[in-house]
There are 2 protein chains.
Amino acid sequence: MPLNALFKPRSRLQIQTDQTLTQHKPKYNTKSARSRQHTDLRFAVLEARLEQADLLKKVVDAIKDLVQDCNFDCNDSGIALQAMDNSHVALVSMMLKAESFSPYRCDRNVALGVNLTSLTKVLRAASSEDILTIKAEDAPDVLNLVFESSESDRLSEYDLKLMDIDQEHLGIPDTEYAATISMPSADFRKICQDLMLLSESVSIEASKDGVKFTCAGDIGNGAVTLRSHTNVDKPDLNVDIELTEPVALTFSLKYLVNFCKAAGLSKSVKLCLSNEVPLLVEYALAGNSYLRFYLAPKIGDDE
Amino acid sequence: MPLNALFKPRSRLQIQTDQTLTQHKPKYNTKSARSRQHTDLRFAVLEARLEQADLLKKVVDAIKDLVQDCNFDCNDSGIALQAMDNSHVALVSMMLKAESFSPYRCDRNVALGVNLTSLTKVLRAASSEDILTIKAEDAPDVLNLVFESSESDRLSEYDLKLMDIDQEHLGIPDTEYAATISMPSADFRKICQDLMLLSESVSIEASKDGVKFTCAGDIGNGAVTLRSHTNVDKPDLNVDIELTEPVALTFSLKYLVNFCKAAGLSKSVKLCLSNEVPLLVEYALAGNSYLRFYLAPKIGDDE
DNA sequence: TTACTTGGTT
DNA sequence: AACCAAGTAA
């Protein structure tokens with residue numbers, strides 16, 4: 001079931017799937033071809049400094065296989081990104097709050113249409129320890145990224161061309177989930193990777209004192225059960241389950257494994273489930289920022 | 001611009017490019033087909049022992065994609081190799097001095113025409129830690145390579161058939177370069193690899209206190225600036241610039257990335273630039289040996 | 001196409 | 001030193 005059936009598009013009709021699929025080649029903004037020397041002289045509407053370039057590298061790494069092109073929507077509260085994958089089964093929602101930067105300034109709302117493959121190429125040039133500053137002008141045709149090595153003996157500056165992206169924006173309702181599971185992100189990744197060797201889909205079953213991941217495939221069946229438990233010394237390793245009613249839903253493992261690329265961003269992951277509603281997989285980041293993935297459940301014959 | 005226009009051929013006219021291109025299939029010497037058992041009984045004109053087979057492996061790895069067949073010119077001072085790539089834009093010049101071997105003996109000048117792909121196959125059999133001895137007879141039709149494991153519990157012996165190679169030999173003039181840059185070879189490799197994702201060519205701009213590598217491509221522009229700095233503790237990481245006048249030249253990144261395969265041979269690399277003259281990329285090896293690459297700059301419309 | 005080996009990165 | 005990616009060989 002596509003996500004659109006579960007989330008209502010906020011402003012426009014669903015994008016033609018064909019159109020989405022043929023958008024592989026970036027179509028860059030064709031405004032005046034300003035030479036890069038002029039960048040500094042124009043007024044930067046956005047300027048955001050990230051102590052660790054690593055954060056953006058990992059975020060983009062985690063979503064670039066789901067989404068090719070998308071807008072980074074910047075305003076004074078931070079940088080947001082929302083995009084569906086081509087098949088409209090998964091949705092990525094990223095929020096990098098202003099508090100995650102030091103400093104952060106955005107004088108005017110601006111949408112930066114970025115091809116994530118190109119952004120990956122640029123970010124590859126940043127070492128994880130580099131300090132990253134991103135800048136954009138008003139009505140920008142490039143995104144400016146500056147990497148400084150911590151010893152500041154190297155300074156790399158890249159201008160990434162931007163594109164106009166016609167983006168569907170879904171309204172994501174605030175949901176009271178029937179079950180909310182917190183668990184170590186590495187464990188969730190391991191479970192999904194292990195079960196994917198047996199089957200294409202996994203059933204996640206939340207009950208009062210545990211979560212059970214089960215799958216059935218040609219070569220056999222698998223089931224991993226985690227019991228909720230708390231260790232005050234290592235809260236990252238806690239398995240915590242909040243439940244209003246028991247839930248069992250089935251999801252595509254391919255997507256879950258994909259989401260798990262974000263495991264490097266946070267020691268802990270939160271899974272939120274309710275019947276008839278997409279699964280929410282949330283990685284909390286420092287400064288109230290987050291990376292969220294939504295995945296429509298498989299229902300009926302889909303399984 | 002081909003290198004021939006910048007370096008004068010020393011003794012013969014330029015090889016027909018077609019001829020060079022059709023020499024892909026090794027044409028082996030067709031002297032008497034002596035059986036390998038006799039090798040030991042004949043007088044070895046050349047005998048050179050290398051403590052680390054690794055050195056030769058890395059050298060050959062670094063040049064085998066540029067050059068298919070070439071002569072190893074051996075005399076009592078060492079083993080030299082000089083060859084242009086097929087397109088005559090790049091030139092490799094290797095010198096393994098006698099001091100780099102222990103021991104080294106060469107009683108008579110001898111040119112060993114080798115197919116580098118074949119040599120790679122043979123060297124693949126050597127583990128990096130092996131002791132390598134190469135031997136050749138007078139007027140040889142094979143090159144004899146012996147690998148001993150350092151524990152000397154394994155002894156591998158290979159005879160590589162040699163070929164007659166009609167080789168152009170360019171005279172490389174001693175140039176006073178306008179700029180000589182020493183920098184960590186790993187950094188140079190990283191910069192070239194990163195920028196290659198954006199563009200086919202890079203401009204290298206040397207000024208008094210820094211080097212700037214810039215490129216412009218379809219997805220955006222990139223610029224990496226290194227400031228010269230010295231750290232007595234880690235001289236390998238120094239960025240040092242000797243300059244008589246500022247220079248800015250443009251080069252093909254494909255070739256530079258290729259040269260950077262040699263980064264494993266030395267922690268440091270030297271870039272020498274002057275206007276109208278090929279770039280020299282030098283990896284210094286132990287015992288005054290070296291591996292040098294020359295690359296013709298892109299000029300005018302080439303950029 | 002898959003598995004392994006090698007090299008690079010953290 | 002361990003992990004991850006890419007290239008190569010089967």
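What you are looking at is a predicted structure, and each value in this text was computed from that prediction instead of being measured.
At a cut-off of 3.5 Å, with distance as the only test, no side-chain donor of A/Gln52 or A/Asp130 sits close to an acceptor on the other residue.
As rounded to whole Å, 16 Å separates atom C1' of C/dG8 from atom CD1 of B/Ile191. Rounded to whole Å, atom C1' of D/dT8 lies 14 Å from atom NZ of B/Lys57. At whole-Å resolution of the value, NZ in B/Lys190 and C1' in C/dT9 are 10 Å apart. If you measure from atom CD of A/Gln193 to atom C1' of D/dC3, you get 13 Å, rounded to the nearest angstrom. Computed from coordinates, the B/Phe188 CZ to C/dG8 C1' distance equals 18 Å when rounded to whole Å. In this structure, B/Asp61 places its CG atom 14 Å from C1' of C/dT5, rounding to the nearest Å. One atom, NZ of A/Lys58, and another, P of D/dA5, lie 12 Å apart when rounded to the nearest Å. At whole-Å resolution of the value, CZ in A/Arg124 and P in C/dT9 are 8 Å apart.
The side chain of B/Arg189 places an N or O atom within less than 4.0 Å of a non-bridging phosphate oxygen (OP1 or OP2) of C/dG8.
For B/Ser252 (side chain) and B/Ser201 (main-chain N/O), no donor-acceptor pair under 3.5 Å exists by modelled atom type. Judged by distance alone, the side chain of B/Asn231 and the main-chain N or O of B/Pro235 form no donor-acceptor pair under 3.5 Å.
Within the 6.0 Å centre-distance limit, the rings of A/Tyr158 and A/Phe147 are counted as a close aromatic pair.
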